[in-house]
Amino acid sequence: MANEIYVNKPLSFSRIMELLDQYPDLKKISCPPSLYSRISPKYLEALNELGVTVVSVEKKGRPKKYNENDTQRIQHLLKTGTSPREISETIGIPLKTVYYLKDSPLNVGER
């Protein structure tokens, strides 16, 4: 059985009991930060006494399809005078994505 799970629904008493019944070897529960902040400290303490840790996961979801190299390549081609349509056809990226990557580098915290 799984000893690590990810939950995205609030942890109430009944939900915790359900999870412990469903996963008897449970050691770690991961959840989004917004959910973690709403979990009762009593529940966290009780789970800790049972040997189950609850942690907040910062980033969960679909990974980015295009990386920083793609963005830099698009910006370089634009600087050399290549049109967005030509870039789209050459690289095989949708035109709308070329415009998105042109205006928004994938650097965290910068815009």
Side-chain angles (χ1 to χ4, degrees):
M1 296 279 345
N3 60 2
E4 246 182 73
I5 60 168
Y6 178 82
V7 295
N8 57 5
K9 293 183 181 173
L11 288 177
S12 62
F13 178 77
S14 58
R15 178 81 171 129
I16 290 172
M17 295 309 292
E18 241 178 64
L19 292 172
L20 291 174
D21 287 341
Q22 191 174 0
Y23 304 100
D25 299 330
L26 187 62
K27 298 292 178 204
K28 183 177 178 183
I29 298 175
S30 303
C31 63
S34 60
L35 183 65
Y36 184 80
S37 64
R38 292 184 285 152
I39 300 173
S40 167
K42 290 180 181 180
Y43 291 161
L44 292 174
E45 187 178 319
L47 284 167
N48 195 26
E49 288 176 9
L50 293 171
V52 178
T53 57
V54 181
V55 295
S56 170
V57 177
E58 286 302 316
K59 187 101 174 179
K60 183 81 177 176
R62 184 177 180 175
K64 299 244 183 259
K65 188 171 183 179
Y66 304 105
N67 59 27
E68 187 62 35
N69 292 337
D70 295 325
T71 304
Q72 289 174 355
R73 185 174 175 199
I74 288 170
Q75 290 174 352
H76 173 71
L77 289 170
L78 286 167
K79 285 180 185 175
T80 60
T82 310
S83 74
R85 183 173 299 282
E86 291 171 335
I87 293 171
S88 171
E89 292 168 358
T90 304
I91 299 177
I93 293 177
L95 182 60
K96 196 171 190 176
T97 304
V98 172
Y99 279 109
Y100 172 77
L101 294 176
K102 168 190 155 205
D103 293 331
S104 140
L106 298 175
N107 295 338
V108 177
E110 292 184 14
R111 275 224 35 126

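I16 contributes atom CD1, which lies 5.0 Å from atom CG of L11 (distance to the nearest 0.5 angstrom). Residue T71 holds its OG1 atom at 8.5 Å from OH of Y100, rounded to the nearest 0.5 Å. For the atom pair CG (L19) and CD1 (I5), the distance works out to 4.5 Å, reported to the nearest 0.5 Å.
Applying the side chain to side chain contact (heavy atoms under 4.5 Å, CB included) criterion to N69, with sequence neighbours excluded, gives N67, Q72. Under the rule for a salt bridge (Lys or Arg N to Asp or Glu O under 4.0 Å), the partners of R15 that lie at least two apart in sequence or sit in another chain are E18. The side chain to side chain contact (heavy atoms under 4.5 Å, CB included) search around K27 returns N3, not counting sequence neighbours.
Evaluation of the salt bridge (Lys or Arg N to Asp or Glu O under 4.0 Å) test over residues 69-81, restricted to residues two or more places apart or in two chains, returns none.
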Listed pairs under 3.5 Å, donor-acceptor, residues 82-97 side chains, sequence neighbours left out:
from, atom 1, to, atom 2, distance (Å)
T82, OG1, L77, O, 3.2
S83, OG, E86, N, 3.1
E86, OE1, S83, N, 3.1
S88, OG, I93, O, 2.6
S88, OG, L95, N, 3.3
T90, OG1, E86, O, 2.7

Which atom pairs, one a donor and one an acceptor, fall under 3.5 Å between side chains of residues 33-49 and the rest of the protein, sequence neighbours left out?
from, atom 1, to, atom 2, distance (Å)
S37, OG, S34, O, 3.0
R38, NE, S34, O, 3.2
S40, OG, K42, N, 3.2

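V55 approaches K28 most closely through the heavy-atom pair CG2-CE, 3.4 Å.
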